[in-house]
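No experiment lies behind these values; they were computed from the predicted model shown. Proteins get letters first, then strands, A, B, ... in listed order; numbering begins at 1 in each.
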Amino acid sequence: MKRPGIEIATLPKNCNEALILAILARGDRHGYQIALELEELSGGVFTFNHGTLYPILHKLEKDGLIRGLWEDIDSGRKRKYYTTTGKGKEYLTQQRAGLGEFFSALMSIIGDRTT
Amino acid sequence: MNRFTALLREMSGRLDVPQPLKSRILLELAGDLEDLYATYINRGIAEETAMRMAVDKIAIGDEAVDLLIRLNDSAVKRFLRRFPSHVQRWIEVISWCVIMLAASCVLYMKASHGSLFIDGPFAWMLAGITLALCGITISRLYVLYIKRDHTVTRIRSGLPFMLFLGCLSILIGVDGFFLEIYSALIKAIYAGGKDVSGLISTLQGAFFFVALSFFLAATASVIWFVFTLKTLTIEQHEKAVLYGKPLS
């Protein structure tokens, strides 16, 4: 029997990481922009408070999947933005495959069989 | 000052991570708060409501703080966190005592075999100062660089005492020098000027002793300077966020 790449216990972690990497794959973003864009693109289904977002971003940065860079803004402030790395893009591709497989298997069980 | 200073101060108190990482996390938060606030204002939301919405969106709960702390723990903290807090303290104290015991044994052997070239209370006082300086140095080194506990209220603990010990070392060295020479001269006079070799030996020991005491004072100053620079850097990083000054 084929083992799925994603397990139920790690599903939330895998989903969070995949969502963030997918947003960053579209372009560099500040932390709060990631949260706003996720909410907008998912029609409110995925809502991230920064309380959840920051630890995930830090973990991804530590694992080398994203890079945090500082930029100078006109008012003399420094702002941090994130960009994905080559390793992150590769990881996202794997996550896409793994999550696709997982949800196909899930829907094959819980899907409506009466129609 | 940042309009969200109160929230950042509260976060700063809860976020037990080493500097400069802590100030970077808080600066990132501060920037996101401001930008989110500006986004809501541009959408036509009232100022107070925009501030409240920004705070609700950005505020980091206890679980997230714990995750951030665990992610950025030093190896020592990660090891210590396996134990309850009172046990952690005991582990640190016992480890420090073991190291100090080893240092004391070495110093005792040096002092008791006359390796300090001068016997008597002054040698023992200098040995005591050396031990105390070792203790403080090990303790500060552990806290600032190994455990990386950068709690601002505790980082300067023990540093002024290092300078005091350095000055005490000079005082003891100079006093010991003159007193030993004085007593050797008196002995030589009573011996009718016959015990010249004893006098020379005492002079040698006394000069070495005073040089050692100055060396100890200089070392204490250098170590104090290095630790003070580190604590200043930590304090500057703490202020950078709370007073809106950018990172250097």
(message) Is it true that Thr151(B) and Arg154(B) share a donor-acceptor pair across their side chains at a distance under 3.5 Å?
(response) yes
(request) Examine the side chains of Tyr81(A) and Gln33(A) and answer whether a donor and an acceptor come within less than 3.5 Å of each other. (result) no
(request) Could you tell me which of Glu28(B), Arg70(B), Glu63(B) has the largest number of non-hydrogen atom pairs under 4.5 Å with chain A? (result) Glu28(B)
(message) For Tyr145(B), is the OH atom crowded, meaning more than 12 foreign heavy atoms sit under 6.0 Å from it?
(response) yes
(message) If we check side chain to side chain donor-acceptor pair (under 3.5 Å) with Glu235(B), which of these qualifies: Lys230(B), Arg156(B), Gln19(B)?
(response) Arg156(B)
(message) Within this structure, what is the CG-CG distance for the pair Leu68(B) and Asp16(B), rounded to the nearest 0.5 Å?
(response) 11.5 Å
(request) Go through Leu36(B), Thr39(B), Leu67(B) and name the one with the most non-hydrogen pairs under 4.5 angstrom from chain A. (result) Leu36(B)
(message) Heavy-atom cut-off 4.5 Å, strictly under: side chain, backbone, both or neither for Glu61(A) against chain B?
(response) neither
(message) Report which part of Lys59(A) has an atom under 4.5 Å of a heavy atom belonging to chain B: side chain, backbone, both, or neither.
(response) both
(request) Heavy-atom distances under 4.5 Å only: say whether Asp62(B) touches chain A with side chain, backbone, both or neither. (result) neither
(message) So for Leu36(A), is it side chain, backbone, both, or neither that comes closer than 4.5 Å to the heavy atoms of chain B?
(response) side chain
